[in-house]
Amino acid sequence: MATETMATGNEGGAGDNERLEAANGSGFFTLLRTELLLALRSRADIVNPLLFFVTVLAMMPLGIGPDPDMLARMAPGLIWVMALLATLLSQEALFRGDFEDGSLEQLSLQPQPLYFAVLAKVAVHWLVTGLPLAVLSPMLGMMLNLPSAGYLPLVISLLLGTASLSLIGAVGAALTVALRRPGLLLALIIMPLYVPVLIFGTGTVQAALDGYSYSAQLAVLAAILAAASALAPLAAAGAIRISLDH
Amino acid sequence: MAWQWFHRLGSPRWFYQKSSAWLPWLGGAGLILLLVGCVWGLGFAPEDAKQGNSYRIMYIHVPAAFLALAGYYIMAICGAIGLIWKMKLSFVVMRAAAPIGAALTFISLFTGAVWGKPTWGTYWVWDARITSMLILFFLYLGVMALSGAFSREQSADKASALLALVGTVNIPIIYKSVDWWFTLHQPATLKLTEASTIDPSMFYPLITMIAGFYLFYAWVLTLHTRSLILQREWRTQWVRELLGQSSVATGSTR
Amino acid sequence: MQFQFDSLAAFLAMNGHGPYVWAAYLVAVAVLVALAVTPAMRQRRMVREFSRQVRLEEARRRAAKPAAAQPLGEVEAVK
């Protein structure tokens with residue numbers, strides 16, 4: 001099996017070999033490391049969602065007016081919706097390259113369950129999109145006049161929430177990977193599933209701004225993340241098998 | 001041996017032939033109940049003390065909302081059966097259930113909005129139940145869009161079944177979170193959730209309408225399933241014979 | 001149980017709520033009717049498509065027949 005992919009050899013050839021070795025070595029962390037290395041090689045994939053996030057947020061004051069009070073009130077919602085869109089848009093490519101060059105099929109044939117491969121890919125996706133988004137969010141909060149009480153909850157809720165978003169979105173990405181132009185379709189099928197994360201994400205920041213404790217909202221976000229990391233890779237693995245069948 | 005009925009149930013052809021006997025009963029009973037319920041609800045049920053006559057919209061709004069939600073579960077369960085037992089018929093029912101559910105969700109959203117205008121003075125409020133209904137509508141549209149995007153029917157079946165299942169897991173979470181979100185933002189002036197008891201004279205027509213909607217749903221689901229079966233089994237001998245017969249009957253050939 | 005309205009006009013007006021009630025009922029009925037009718041329409045379209053295909057097949061068979069008969073005749077002639 002391994003020799004076959006090596007023989008087919010394409011652009012990502014070196015990466016494929018590494019990945020196969022990692023998969024054969026059956027270590028989840030080896031797979032994670034390889035995926036991360038591969039992701040870090042294509043800089044545009046990391047930078048573009050962040051640029052999108054910042055650019056669209058910069059449009060907001062232009063659209064709704066520069067009134068600082070209004071911006072402050074809308075800031076949690078705006079930042080969260082933009083984070084959601086940035087995650088969603090970057091998700092389309094999650095399995096695409098691997099699907100097209102056949103390495104997804106290779107992964108699905110490994111003795112090790114596909115669950116861990118999906119989990120590794122999603123973890124890497126979060127490391128290169130969700131994590132930078134969360135780190136960048138205080139700056140955007142500042143630009144939107146977010147009161148200082150909101151910064152910490154914003155960052156923590158984004159850290160937890162974007163991980164759930166990546167996991168849930170992976171199901172959609174796996175379902176649409178065999179389609180030619182899945183962009184809008186992916187948004188259509190995944191957006192409704194993002195609702196709870198969005199609600200509790202903004203709820204966290206809002207509670208902090210109103211002067212309440214926000215630990216309950218964070219607990220819910222963490223619970224959603226736990227449930228999503230248990231179930232979403234399973235569903236995504238099933239979806240990958242369906243897409244490979246296509 | 002014991003499983004034989006199960007396999008027979010999975011055969012689209014068997015279903016097509018058997019279901020033609022159910023159709024008049026389902027359709028007849030459903031339409032009669034709907035007619036009786038409509039006349040009763042529109043003309044004979046007493047006027048509501050608080051809302052006046054606008055409450056009569058309830059007689060279609062509530063049953064439609066019931067079935068919109070039940071329809072999603074029916075769709076998802078059929079999808080699950082199809083995925084687990086690889087039952088062809090089950091997938092067909094699932095595919096047929098999606099547009100019906102979406103239409104019912106639309107009815108409940110539309111009637112809810114129209115009901116809202118005379119009652120609360122506005123067509124749309126971001127109330128917990130309305131918002132959840134809207135998200136349910138999007139879930140339906142997602143399943144329909146996904147199933148329409150595949151060129152191979154089998155892939156479309158499996159993919160939309162999986163999406164429906166994922167949606168089912170999410171629906172309770174979505175409902176709970178939207179509920180929580182609404183209590184957080186609820187404006188003090190709007191009190192939309194009334195847990196008032198309903199008078200029997202208003203309740204009986206409602207029950208009639210709900211029963212009518214259920215029967216109508218079963219009837220329409222059967223109709224849609226049958227026509228999808230014909231579309232899919234297009235190349236098989238029995239469908240060709242059937243279509244040949246009906247085309248002779250309508251006199252469009254020869 | 002009795003009819004709640006004095007006249008047909010009162011029934012249609014419903015104390016000012018008429019437009020809302022009737023609009024809701026009409027749209028609901030329209031959607032339900034559309035749901036019930038679509039399968040029949042789809043079936044009609046299919047029957048039409050099917051008979052077209054049958055006619056095409058028949059025409060093709062008729063056109064192919066003389067051509068198919070030719071080689072057979074030759075084989076017999078060789079014998």
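Naming: A, B, ... by sequence-line order, numbering from 1 per chain.
- Heavy atoms from other residues, nucleotides or ligands lying under 6.0 Å from CZ of Arg73(A) number 12 at most.
- Both the backbone and the side chain of Ile199(A) come within contact range of chain B, judged by heavy atoms closer than 4.5 Å.
- Within the model, atoms CG of Leu175(A) and CG of Leu162(B) stand 5.5 Å from one another, a figure rounded to the nearest 0.5 Å.
- Counting heavy-atom pairs closer than 4.5 Å to chain B, the top-ranked of the candidates Leu186(A), Asp210(A), Leu198(A), Leu185(A) is Leu185(A).
- Applying a 4.5 Å heavy-atom cutoff, the residues of residues 133-142 of chain B that approach chain A are Ile135(B), Phe138(B), Leu139(B), Leu141(B), Gly142(B).
- Only the side chain of Leu231(A) comes within less than 4.5 Å of a heavy atom of chain B; its backbone N, CA, C and O stay farther away.
- Summarising the geometry of Ile174(B) relative to Pro192(A), their closest heavy-atom pair is CD1-O, 3.5 Å, with the distance given to 0.1 Å.
- The environment of CZ in Phe66(B) is sparse: at most 12 heavy-atom neighbours from other residues, nucleotides or ligands sit within 6.0 Å.
- Using a 4.5 Å heavy-atom cut-off against chain B, no residue of residues 155-169 of chain A qualifies as contacting.
- Residue contact with chain A, scored on non-hydrogen atoms closer than 4.5 Å, involves the backbone and the side chain of Ile173(B) alike.
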Please assess Asp245(A) against Gln154(B) for the test side chain to side chain contact (heavy atoms under 4.5 Å, CB included), listing each intermediate value before the final yes or no.
CA-CA 9 Å; Asp245(A) 231 23; Gln154(B) 279 146 309; over 6 Å; no
Could you walk me through whether Trp180(B) and Gln217(A) pass side chain to side chain contact (heavy atoms under 4.5 Å, CB included), step by step?
CA-CA 11 Å; Trp180(B) 179 81; Gln217(A) 284 85 331; 3.5 Å; yes
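- Of the inter-residue distances, the one linking Ile189(A) atom CD1 with Leu146(B) atom CG reads 5.0 Å to the nearest 0.5 angstrom.
- Summarising the local packing, OH of Tyr55(B) is surrounded by more than 12 heavy atoms from other residues, nucleotides or ligands at distances under 6.0 Å.
- For chain A, the nearby parts of Val178(B) are the backbone and the side chain; heavy atoms of each come within less than 4.5 Å.
- Other residues, nucleotides and ligands place no more than 12 heavy atoms under 6.0 Å from the CG atom of Leu184(A).
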